[in-house]
Amino acid sequence: MLERKLNMGKPEKLRHKALIDAAFSMGKTIYDYPLRATYRILSPQEMSDSFRLDVPQAIGALQMLITVPKKKLRHAVDRVTMRRRIREAYRLNRLPLRDAIEQNPEARSISIAFIYLHDDLTSYANIERKMRNILSKIAAKVDRQLPPPAHPGDDTVQNIDN
């Protein structure tokens with residue numbers, strides 16, 4: 001069995017201002033309390049239109065950012081703890097979404113922003129369960145964007161004798 005690495009690198013961080021602004025202004029939102037995910041599925045054309053010159057090399061198929069508002073969790077220690085829990089849940093459960101985006105030629109990248117909504121710390125088990133729900137919903141949306149499969153009989157010319 002082939003084992004896949006679960007590490008996250010710089011290409012998976014959503015850090016370009018154009019992509020972040022577009023995700024929040026034109027993206028769709030999924031709620032699963034205490035998380036809200038705002039995401040945008042970008043086609044190759046939309047990706048190239050987002051940048052003035054050309055698309056930077058270090059943009060992965062999946063990009064994410066995490067926001068834990070100071071208004072919700074006043075202490076920096078608590079915000080960092082929640083950011084780590086959310087990042088870890090995403091890191092361990094993102095592979096089905098990555099597979100869905102790689103199988104879809106209409107989608108070049110997905111930008112996802114996770115916003116923490118609760119006023120208190122939430123357990124990792126709860127965050128992971130909610131993360132799985134959100135990622136499976138996004139993967140379902142990516143699968144729905146797949147072009148219809150070609151029928152094998154459409155390409156062949158049928159010879160009809162009268």
Side-chain angles (χ1 to χ4, degrees), residues 1-48 50 55-73 78-149:
M1 185 170 123
L2 183 64
E3 191 172 315
R4 297 173 73 176
K5 290 187 176 186
L6 295 174
N7 55 346
M8 280 180 48
K10 191 173 181 180
E12 291 195 50
K13 293 179 182 175
L14 181 58
R15 63 187 188 281
H16 292 281
K17 184 171 177 17
L19 296 177
I20 294 169
D21 291 343
F24 281 107
S25 65
M26 294 182 277
K28 296 177 177 72
T29 302
I30 296 176
Y31 290 94
D32 200 350
Y33 193 80
L35 293 176
R36 180 176 81 196
T38 301
Y39 69 96
R40 181 168 182 228
I41 302 170
L42 293 152
S43 69
Q45 182 62 38
E46 289 172 326
M47 181 65 83
S48 64
S50 296
V55 178
Q57 290 294 324
I59 293 183
L62 286 175
Q63 292 188 312
M64 62 87 76
L65 70 85
I66 300 168
T67 302
V68 181
K70 189 174 186 178
K71 190 173 184 179
K72 297 290 182 179
L73 293 175
D78 295 337
R79 290 193 302 273
V80 169
T81 300
M82 286 316 304
R83 222 175 288 128
R84 286 180 177 174
R85 288 178 185 173
I86 294 168
R87 188 181 314 119
E88 182 69 3
Y90 172 79
R91 184 184 72 84
L92 294 175
N93 295 295
R94 75 186 191 278
L95 293 181
L97 182 58
R98 185 193 294 166
D99 293 340
I101 193 85
E102 288 173 355
Q103 292 173 1
N104 189 342
E106 299 292 318
R108 158 68 169 87
S109 177
I110 299 179
S111 302
I112 308 171
F114 294 103
I115 298 105
Y116 184 71
L117 302 173
H118 195 49
D119 293 337
D120 295 323
L121 292 176
T122 304
S123 69
Y124 173 76
N126 191 22
I127 293 291
E128 186 176 27
R129 187 173 66 251
K130 303 298 181 163
M131 181 65 69
R132 272 195 222 113
N133 291 342
I134 289 172
L135 294 178
S136 66
K137 288 177 186 177
I138 296 173
K141 302 259 181 173
V142 171
D143 288 339
R144 274 190 244 134
Q145 283 191 343
L146 277 172

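FYI, side chains are in, hydrogens and waters are out, and symmetry mates aren't considered; it's all heavy atoms of this structure.
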Interatomic distance, Leu42 atom CG to Leu19 atom CG [nearest 0.5 angstrom]
6.5 Å
Main-chain N/O of Ile134 paired to Asp32 side chain as donor or acceptor, under 3.5 Å:
no
Just wondering, do Leu97 and Ile112 contact through their side chains at under 4.5 Å, heavy atoms?
yes
Could you tell me the separation between the CG atom of Leu135 and the CD1 atom of Ile30, rounded to the nearest 0.5 Å?
9.0 Å
Would a distance-only check, ignoring hydrogens and angles, find a side-chain to backbone donor-acceptor pair under 3.5 Å from Gln103 to Ala100?
no
Which residue, Arg94, Arg91, Arg87, forms the salt bridge (Lys or Arg N to Asp or Glu O under 4.0 Å) with Glu12?
Arg94
Dump the intermediate steps for side chain to side chain contact (heavy atoms under 4.5 Å, CB included) on Phe114 and Thr38, then the final yes or no.
CA-CA 7 Å; Phe114 294 103; Thr38 301; over 6 Å; no
More than 12 heavy atoms of other groups within 6.0 Å of Lys13 NZ:
no
Exactly one candidate in Ile115, Thr67, Ile66, Thr81 meets side-chain contact (heavy atoms from CB on, under 4.5 Å) with Ile86; the answer is Ile66
Is the backbone N or O of Ile41 less than 3.5 Å from a side-chain atom of Arg108, with the two atoms forming a donor-acceptor pair by type?
no
Is the closest side-chain heavy-atom distance between Met64 and Tyr39 below 4.5 Å?
no
Go through the steps to decide whether Ile110 and Arg40 satisfy the test side chain to side chain contact (heavy atoms under 4.5 Å, CB included), and finish with yes or no.
CA-CA 6 Å; Ile110 299 179; Arg40 181 168 182 228; over 6 Å; no
Separation of Leu121 CG from Leu73 CG (nearest 0.5 Å)
6.0 Å
Determine, step by step, whether Thr122 and Tyr116 satisfy the side-chain hydrogen bond (donor to acceptor under 3.5 Å, both in side chains) criterion, reporting the C-alpha distance in whole Å, the side-chain angles of both residues, the deciding distance to 0.1 Å, and the verdict.
CA-CA 10 Å; Thr122 304; Tyr116 184 71; 2.6 Å; yes
Strictly below 4.0 Å, N to O, side chains only: are Glu128 and Arg132 in salt-bridge contact?
yes
Does any non-hydrogen side-chain atom of Lys130 lie less than 4.5 Å from one of Tyr33?
no
Flag the pair Lys10 / Arg15 as yes when at least one side-chain heavy-atom distance between them is below 4.5 Å, and no otherwise.
yes
For Ile20 and Leu65, run side chain to side chain contact (heavy atoms under 4.5 Å, CB included): C-alpha distance rounded to whole Å, both residues' side-chain angles, the deciding distance at 0.1 Å, then the answer.
CA-CA 9 Å; Ile20 294 169; Leu65 70 85; 3.8 Å; yes
Glu106 vs Ser43, side chain to side chain contact (heavy atoms under 4.5 Å, CB included): CA-CA, chis, key distance, verdict:
CA-CA 6 Å; Glu106 299 292 318; Ser43 69; 5.9 Å; no
Heavy atoms from other residues, nucleotides or ligands near CZ of Arg84 exceed 12 (cutoff 6.0 Å):
no
